[in-house]
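Okay, structure first, notes after.
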Amino acid sequence: MEPVCIENPEHRFMHELVGPGDRFLAGLVRDFIEREIRPIRREMEESTRGDFSLVEEVQRKLVGLGFQGAFLPPEYGGWNLTSALTYCVILEEFGRGEPACVAALGGGAWAFRPAVIAGNRTLLEDFGPRFTSGELYVACFAMTEPSGGCNIENVDMRGKGIHTRAVLDGDEWVINGSKVWPTNSGIADVYCVVCNTDPSLGDEGIALIYVPVPIEGFSFGRFEDKAGFRASREGDFYFDNVRVPRAYRAAGPGEDAVLLHDNLIFARLFSAAWAVGIAQGAFEEVLAFTRDHKVAGRPIRQHTEAANILADMAIGIQVGRDAYVNAAYMFDHPEIYGPRTSRYMLSRSTVAKVFCCDMAVEVTNRAMELMGLYGGDPSYHVEKYWRDNKIIQLWEGGVQLGKLDVARGYYPYDQFYGNEAYDLLRGKGTGA
């Protein structure tokens, strides 16, 4: 029998960048996935057509590991886990196992990063204990709107694409508008809502406001029926004069825009890692398949053409991993590489996201081709990896907006350059 080549997961990363603590957490997650998720991942996806009980059972076990409130400062019961690189390494492991099942817990870290960074004591004191209670407590970062998510993520729009309005009435924010597609919508206990206080203010009008539910004026539409990422929930919801305390705004004018941009760049990084994990999982499946199945009397992977294809997969995965690790390390060290929300950091994080997602689509597609009709057989999971990665490639503005953000790191690109109508909209035109 052909010897089995086993790659050591510990050697996938440069230890100079990925420290022992990160590798320990990655190993903890890897063991959990092997024990609790991989044996039932097919059943988990099938169960989402009916109810979410099996997915929620796994998520509750993850709560027991302490990850749910890990993003909180120690004084609120957390681990002060704020490193982008740490989250990326962990999410790569989840991508390899079951990408979507961690979305409920991960949504809390993403949604509450702005409050943690801003040091908003009211929000941390009101909601922090719920994340560390030992019970599943879900948060949602509510950004995308019917007019298009990329309008909100486009830095050149300066908040003009945000139509959910928040108006201050005494000591309360009054919110009106709608959101579509946010992960954890419909199941979240608290929403971080991207709002606009005044479209004429540009970035100064961007506001991140936290809305606990149930609350009067909040209504939910339906869950989306998606091709992939079925173990997460997305849908649409509406605000009709929803009132929350004034202190539930993350920071203030101008500051909330910086927090939004920080969160968007952070998301590009963890999306890249998620995609690498998916590609790694598909690669492991096809390695085993081409070892165990023969053509012309030899294992498939002992044929030169198959070996070349497998080598291309391995190259793409490792280059993608190196790309996200380097970008996340830079993000975590602004004292060396400059502000986390700079155009350069936006570009570097997006390089990783676009490359890794495109690579993962290609890897899963080639894996299916090597496996023939078995590539579409759910019992081998490759077709699921293929479906799951596609949504990561599409979110956060997709490849098209991503490439514009890459360009912004190399020259002062403004897609509205020379557009007099848009200059007038921003209040910069002469009107003559």
Side-chain angles (χ1 to χ4, degrees), residues 25-71 81 86-111 131 134-141 181-189 223-235 267 270-282 284-285 360 364 378-393 395:
L25 289 175
L28 182 68
V29 171
R30 190 181 308 122
D31 291 343
F32 179 87
I33 288 169
E34 293 297 330
R35 183 178 67 254
E36 303 287 352
I37 293 180
R38 287 174 73 92
I40 62 167
R41 55 185 172 173
R42 183 177 179 185
E43 289 80 3
M44 285 175 63
E45 179 166 75
E46 290 174 349
S47 72
T48 61
R49 296 286 184 183
D51 63 67
F52 253 56
S53 59
L54 186 56
V55 174
E56 289 174 353
E57 180 183 335
V58 172
Q59 290 170 341
R60 288 190 178 92
K61 292 179 180 178
L62 281 169
V63 171
L65 292 179
F67 284 112
Q68 181 169 261
F71 64 90
L81 183 58
T86 303
Y87 274 107
C88 285
V89 171
I90 291 171
L91 278 173
E92 179 182 335
E93 290 298 333
F94 277 108
R96 176 181 161 271
E98 162 47 63
C101 76
V102 73
L105 276 70
W110 195 34
F131 286 103
E135 299 295 326
L136 186 62
Y137 189 75
V138 180
C140 170
F141 188 65
W181 283 106
T183 296
N184 295 336
S185 50
I187 63 169
D189 302 290
F223 290 121
E224 299 290 350
D225 185 16
K226 314 182 300 294
F229 248 68
R230 300 197 61 83
S232 71
R233 291 290 207 182
E234 288 80 23
F270 70 63
S271 296
W274 234 338
V276 168
I278 288 173
Q280 181 70 40
E284 291 171 7
E285 291 280 349
T364 51
S379 62
Y380 285 97
H381 306 291
V382 174
E383 59 85 30
K384 180 181 181 303
Y385 285 127
W386 182 64
R387 289 184 287 109
D388 284 342
N389 180 71
K390 194 64 184 179
I391 195 170
I392 301 178
Q393 185 190 45
W395 69 34

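Just so you know, these numbers come straight off a predicted model, no measurement behind them.
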Expected output: side-chain Y87 to main-chain L81 donor-acceptor under 3.5 Å:
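Checking the backbone N and O of L81 against the side chain of Y87, a donor-acceptor pair under 3.5 Å is found.
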For R96 and E92: C-alpha separation, side-chain torsions, deciding distance, then whether salt bridge (Lys or Arg N to Asp or Glu O under 4.0 Å) applies.
CA-CA 6 Å; R96 176 181 161 271; E92 179 182 335; over 6 Å; no
If the threshold is 4.0 Å, N to carboxylate O, is there a salt bridge linking [X] and [Y]?
X	Y	answer
E45	R230	no
R233	E56	no
E46	R42	yes
E98	K384	yes

Examine F71 together with F131 and report whether their ring centres are nearer than 6.0 Å.
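That pair passes the under 6.0 Å test.
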Would a 4.5 Å heavy-atom cut-off, applied to side chains only, mark [X] and [Y] as touching?
X	Y	answer
I187	F223	yes
V102	W274	yes
T183	C140	no
S47	F52	no

Is the count of non-hydrogen atoms from other residues, nucleotides or ligands lying under 6.0 Å from E135 atom CD greater than 12?
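Incorrect, the count does not exceed 12.
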Got more than 12 heavy atoms from elsewhere within 6.0 Å of CH2, W395?
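Yes, because the 6.0 Å sphere around CH2 of W395 holds more than 12 heavy atoms from other groups.
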Which residues satisfy the ring pair (Phe, Tyr, Trp, His ring centres under 6.0 Å) test with F32, sequence neighbours excluded?
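For F32 there are no ring pair (Phe, Tyr, Trp, His ring centres under 6.0 Å) partners, ignoring immediate neighbours.
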The criterion is salt bridge (charged side-chain N to carboxylate O under 4.0 Å, His left out); which residues satisfy it with R60, sequence neighbours excluded?
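Once residues adjacent in sequence are excluded, R60 has no partner under the salt bridge (charged side-chain N to carboxylate O under 4.0 Å, His left out) criterion.
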